[in-house]
There are 2 protein chains.
Amino acid sequence: MGGEIEVFRSFISKKGLRNTPEREEIIAEIFSDHNHFDVDELYQCLKARGSKISKASIYRNIPLIIECGLIRDAWFEDRHMHYERIYGRGHHCHLRCIRCGKVVEFVDNQLKDIETRVALENDFHVIDHRLDITGYCSKCKTME
Amino acid sequence: MGGEIEVFRSFISKKGLRNTPEREEIIAEIFSDHNHFDVDELYQCLKARGSKISKASIYRNIPLIIECGLIRDAWFEDRHMHYERIYGRGHHCHLRCIRCGKVVEFVDNQLKDIETRVALENDFHVIDHRLDITGYCSKCKTME
DNA sequence: CTCCTATTGCAATTCAATTTCAATAATAAT
DNA sequence: ATTATTATTGAAATTGAATTGCAATAGGAG
């Protein structure tokens, strides 16, 4: 908690855009609970809270929220994109169960070394990476 | 180079499905050239070769070609899925330039260690992983 | 308070992906 | 070979996530 609204507000102002209640509602909703989310989930939760926001506004704002570093694309599943909070959380990767959909996050410091070495070898300027490991979680692996 | 048609044929037969010229055309096209591809690209190339195959058939067959291990999902970009050949090629990861779209493949053995350790720590049975590093390639990083 | 224009909600649109359906053809059985 | 069964196909219709056009609204600078 804390800081995300301010970060977003100054990002918006710096770009010469306008802060609106709709934008604050979206940010507040994401940071109230949703480590991982998709647009429809966000929309339904906002509606349940009495918000009158439209899906179009959510779609329109997500690129801005990504650009300012509060969230990022996480993965594409069930025909649509899933996002995740990154502001206030360390960089992490995912273990995703392909049977029940469970997502476990993990942090690995060795990954940074690989990234650095690969970037050097290929003359790349790294901006981001994502490592997704898929398989069966402890519950599901016994059922396969 | 070879084997892919035979692998697919016996996969199809084992499932009690039917081998068709359309299926062989798709496999042949993928393995003629396309390390990375999307459905439309495949369709256009097949059409250029005189094939009468429909996009629906390509869409219908991709899950089967994935299931038998010839190709796999690579990444989602520009609103649609991109695939890559895996049969006959070692497992590899990607460096993707977010400016020009260039994709460089790399192999890293250290990654296997991370995978093993993370799986052990979280009691996961790993099926696959994908590491995508995004940033600017040698050409594009000087222009940013 | 006024003006300019970014933002919104709604509806229409786009387009990748899926599905329906009748015709066709691959395989097994005869 | 011939026939029967049913998986597969192409074409067209449909779905649904994501985008966009438009008129109304409202943020924020002056």
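Sequence lines set the chain letters: A, B, ... in the order given, protein chains first and strands last, and positions in each chain run from 1. Atoms considered below: every heavy atom in the structure, side chains included; atoms not considered: hydrogens, waters and symmetry mates.
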Exercise. Can you find an N or O donor on one side and an acceptor on the other, under 3.5 Å apart, linking the side chain of A/R18 with the base of C/dT5?
Worked result: yes
Exercise. Looking for any heavy atom pair under 4.0 Å, which part of the strands does A/N19 touch: base, sugar-phosphate only, or nothing?
Worked result: sugar-phosphate
For this session: Remember a base hit wins even if backbone is also touched, and classify B/D78 as base, sugar-phosphate or nothing at under 4.0 Å, heavy atoms.
Result: nothing
For this session: Output yes when at least one side-chain N/O atom of B/T20 is less than 4.0 Å from OP1 or OP2 of C/dA25, else no.
Result: no
Problem set entry | Under 4.0 angstrom between A/S57 side-chain N/O and C/dG9 OP1 or OP2 | yes
For this session: Indicate, with a heavy-atom threshold strictly under 4.0 Å, whether B/R60 touches base, sugar-phosphate, or nothing.
Result: base
Problem set entry | Cluster check A/I12, A/Y59: I/L/V/M/F/W/Y, side chain < 4.5 angstrom | yes
Exercise. Which listed nucleotide (D/dG10, C/dG9, D/dA26) is nearest to the side chain of A/I53?
Worked result: C/dG9
Problem set entry | A/H91 side chain vs A/D128 backbone, donor-acceptor pair below 3.5 Å | no
Seminar exercise, completed: side chain to side chain contact (heavy atoms under 4.5 Å, CB included) filter on B/S13, not counting sequence neighbours, yields B/N19
Exercise. Would A/M81 end up clustered with A/L42 when hydrophobic side chains under 4.5 Å apart are linked, directly or stepwise?
Worked result: yes
Exercise. Between B/M81 and A/I26, who's closer to the 5' end of DNA chain C by nearest nucleotide?
Worked result: A/I26
Exercise. Looking for any heavy atom pair under 4.0 Å, which part of the strands does A/K55 touch: base, sugar-phosphate only, or nothing?
Worked result: nothing
Exercise. How are the rings of A/H92 and A/H94 set to each other: parallel, tilted or perpendicular (split at 30° and 60°)?
Worked result: perpendicular
For this session: Look at the side chain of B/A56 and decide which nucleotide, out of C/dA26, C/dT7, D/dA12, has an atom nearest to it.
Result: D/dA12
Exercise. Which sits closer to the 5' end of DNA chain D, B/R79 or B/I58, going by the nucleotide each is nearest to?
Worked result: B/I58
Problem set entry | Selected nucleotide, minimal atom distance to B/V39 side chain, candidates D/dA7, C/dA17, C/dT27 | C/dA17
Exercise. Can you tell which of D/dT5, D/dT19, C/dC4 lies closest to the side chain of A/Y59?
Worked result: D/dT19
Exercise. If each of B/I12 and B/P63 is mapped to the nucleotide of DNA chain C with the nearest heavy atom, which maps nearer the 5' terminus, i.e. the 5' end?
Worked result: B/P63
